[in-house]
Amino acid sequence: MARAYMAVAVALFLVVVCAAVSEAAKPPASHPRLPPNYHMINPGSSGLGKRDQELSCADTKGKKKGCMAKCDKRCPNQCIVMCPSCKTFCMCDFYPGVSCGDPRFTGGDGNNFYFHGKKDHDFCIVSDADLHINAHFIGKRNPTMSRDFTWIQALGIRFADHRLYMGALKTAKWNSDVDRLELAFDGAPIDVPAQLGARWESAAVPGLTVTRTAATNAVRVQLAGVFDIMANVVPITEHDSRIHNYGVTEEDSLAHLDLGFKFYDLSDDVHGVLGQTYRSDYVNKLSVSASMPVMGGAPSYVTSDIFSTDCSVARFGHRAGITMVTARAS
């Protein structure tokens with residue numbers, strides 16, 4: 001019974017998260033609006049660089065004043081706040097298809113796992129007949145460990161005969177008011193004005209849009225009927241670096257992407273680090289009770305380039321008619 005209540009609670013929170021994302025991007029009025037007692041905050045967006053932000057929380061009884069909310073250290077650059085209690089939540093913890101931090105994924109089956117990959121290498125995280133997504137990993141070597149600390153720095157997305165790139169620019173000293181997000185479509189830069197809700201729409205592919213969910217470093221990339229990707233550029237904080245010995249220097253803040261994925265038309269043959277978890281026959285062989293369940297088998301997912309489809313589990317183009325992906329988006 002407790003599990004049933006927990007499932008209902010998580011489902012209700014997912015509705016809130018989706019509403020928060022929709023509100024941040026200022027979607028059409030037909031989309032659900034953010035309830036008045038929930039807010040999404042982006043610390044530092046005021047230009048003062050403060051981690052705390054004062055919120056005016058709605059209180060129907062009129063007994064509560066505004067409160068001071070602080071994003072958790074796991075998501076210092078963006079979080080959701082529930083008022084009037086000022087409880088904060090990281091988006092990374094609540095819905096499938098998310099990658100955060102050292103890359104921690106939430107699979108399509110709802111279970112969390114880590115995939116460390118290797119610094120300066122590319123890995124296919126989703127590969128289907130019509131869609132292929134690679135991730136480029138950056139990292140730091142810890143001599144006391146047998147692996148690199150790694151983070152996702154960029155995505156290379158292939159669909160039909162198109163190529164979409166999104167990445168975090170190398171950044172020395174981090175300033176959240178400076179945009180460090182690089183976007184390109186078929187080799188041409190995507191220029192989206194640095195303001196909340198600003199939107200770019202592809203002239204070549206109907207339904208392909210990029211919308212800013214914050215004035216800087218955060219976008220929502222959508223291809224109608226195919227995918228919906230939330231991307232935030234975030235740094236490794238000095239505090240986290242000291243605790244985990246990440247090795248952040250004055251020359252490199254290790255800016256990387258926190259990501260959220262939603263897919264609409266994956267086949268049951270989909271593969272890749274994250275993609276395989278969406279298959280109906282996927283069996284999670286990881287220790288879900290472990291504090292840090294790790295998916296191995298990196299050689300199966302390594303690819304030669306950010307846009308290459310030569311990983312051993314690649315599925316891209318394995319059936320006829322892949323160009324129909326753009327027709328579905330119209």
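Side chains are part of it too, since the values below use all heavy atoms of this structure and drop only hydrogens, waters and symmetry mates.
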Is the closest side-chain heavy-atom distance between Phe185 and Val205 below 4.5 Å?
-> yes
To the nearest 0.5 angstrom, please state how far the NZ atom of Lys262 sits from the CD atom of Gln222.
-> 10.0 Å
Heavy-atom closest pair, residues Ala168 and Ala255 | CB-O, 3.8 Å
Rounded to the nearest 0.5 Å, how far does CE of Met166 lie from CD1 of Ile152?
-> 11.5 Å
What are the two closest heavy atoms between Ala135 and Leu155, and how far apart are they?
-> CB-CD2, 4.0 Å
Those residues at least two apart in sequence (or on a different chain) that pass side-chain hydrogen bond (donor to acceptor under 3.5 Å, both in side chains) with Asp305 are none
Separation between CG of Asn232 and CG of Asn217, rounded to the nearest 0.5 Å | 8.5 Å
Just do the side-chain contact (heavy atoms from CB on, under 4.5 Å) check on Asp191 and Trp200 with the steps written out, would you?
-> CA-CA 7 Å; Asp191 184 20; Trp200 170 90; over 6 Å; no
Should the ring pair His162 and Phe159 be called parallel, tilted or perpendicular, given that the plane angle runs from 0 to 90° and is split at 30 and 60?
-> tilted
Flag side-chain contact, heavy atom, 4.5 Å: Val219 against Leu181 = yes
From NE2 (His121) to OG1 (Thr150), nearest 0.5 Å | 12.0 Å
Flag the pair Trp174 / Ser176 as yes when at least one side-chain heavy-atom distance between them is below 4.5 Å, and no otherwise.
-> yes
Arg180 and Thr171: side-chain donor and acceptor closer than 3.5 Å?
-> yes
Give the intermediate values and the outcome of salt bridge (charged side-chain N to carboxylate O under 4.0 Å, His left out) for residues Arg212 and Asp179.
-> CA-CA 11 Å; Arg212 286 202 183 265; Asp179 193 46; 3.1 Å; yes
Kindly indicate whether the side chain of Leu164, heavy atoms from C-beta on, has any atom under 4.5 Å from the side chain of Ile190.
-> yes
Looking at NE2 of His256 and NE2 of His136, how far apart are the two atoms once the value is rounded to the nearest 0.5 Å?
-> 13.5 Å
Name the one of Asp228, Thr213, Thr209 that satisfies side-chain hydrogen bond (donor to acceptor under 3.5 Å, both in side chains) with Arg220?
-> Asp228
Do the side-chain N and O atoms of Asp269 and His271 include a donor-acceptor pair separated by under 3.5 angstrom?
-> no
Scanning both residues in full, the closest heavy-atom pair of Val313 with Gly272 reads CG2-N, 4.0 Å
Are any non-hydrogen side-chain atoms of Val270 and Val126 less than 4.5 angstrom apart?
-> yes
What about Val221 and Tyr165, same hydrophobic cluster or not, with Ile/Leu/Val/Met/Phe/Trp/Tyr joined at side-chain heavy-atom distances under 4.5 Å?
-> no
Non-hydrogen side-chain atoms of Met295 and Tyr301 separated by less than 4.5 Å | yes
Measure across Ala198 and Pro193 and return the closest heavy-atom pair with its distance rounded to 0.1 Å.
-> CB-O, 3.2 Å
Heavy-atom side-chain proximity of Lys118 to Asp120 below 4.5 angstrom = no
Where Asn134 and Phe307 come nearest, the two heavy atoms and their spacing = ND2-C, 3.8 Å
State plainly whether the residues Asp128 and Arg279 are in salt-bridge range, i.e. N to O under 4.0 Å.
-> no
Hey, do the aromatic rings of Phe123 and Phe115 have their centres closer than 6.0 Å?
-> yes
Among all residues two or more places apart in sequence or in another chain, which pass the side-chain hydrogen bond (donor to acceptor under 3.5 Å, both in side chains) test with Arg158?
-> none
In sequence, state the C-alpha distance, the side-chain angles, and the governing distance for Phe261 and Ile125, and then conclude on side-chain contact (heavy atoms from CB on, under 4.5 Å).
-> CA-CA 11 Å; Phe261 300 91; Ile125 57 173; 3.9 Å; yes
Side chains of Ile138 and Lys119: closer than 4.5 Å at any heavy-atom pair?
-> no
Please walk me through it: do Ile157 and Ile229 pass side-chain contact (heavy atoms from CB on, under 4.5 Å)?
-> CA-CA 11 Å; Ile157 304 171; Ile229 302 174; 3.6 Å; yes
In terms of hydrophobic clusters joined by side-chain contacts under 4.5 Å, are Val192 and Leu259 together?
-> yes
Of all the heavy-atom pairs spanning Gly107 and Thr277, show the shortest one and how long it is.
-> CA-OG1, 3.4 Å
Any donor-acceptor N/O pair, Ser312 side chain to Ser300 backbone, under 3.5 Å | yes
Any side-chain donor-acceptor pair under 3.5 Å between His132 and Thr309?
-> no
Got a second to check how far Asp186's CG is from Asp161's CG, nearest 0.5 Å?
-> 7.0 Å
Single-linkage hydrophobic cluster Ile306~Leu257, side-chain heavy atoms < 4.5 angstrom | no
Under the side-chain hydrogen bond (donor to acceptor under 3.5 Å, both in side chains) test, which residues partner Asp310, sequence neighbours left out?
-> Thr303, Ser304
Run the ring-centre check on Phe263 versus Tyr278 and record whether the distance is less than 6.0 Å.
-> yes
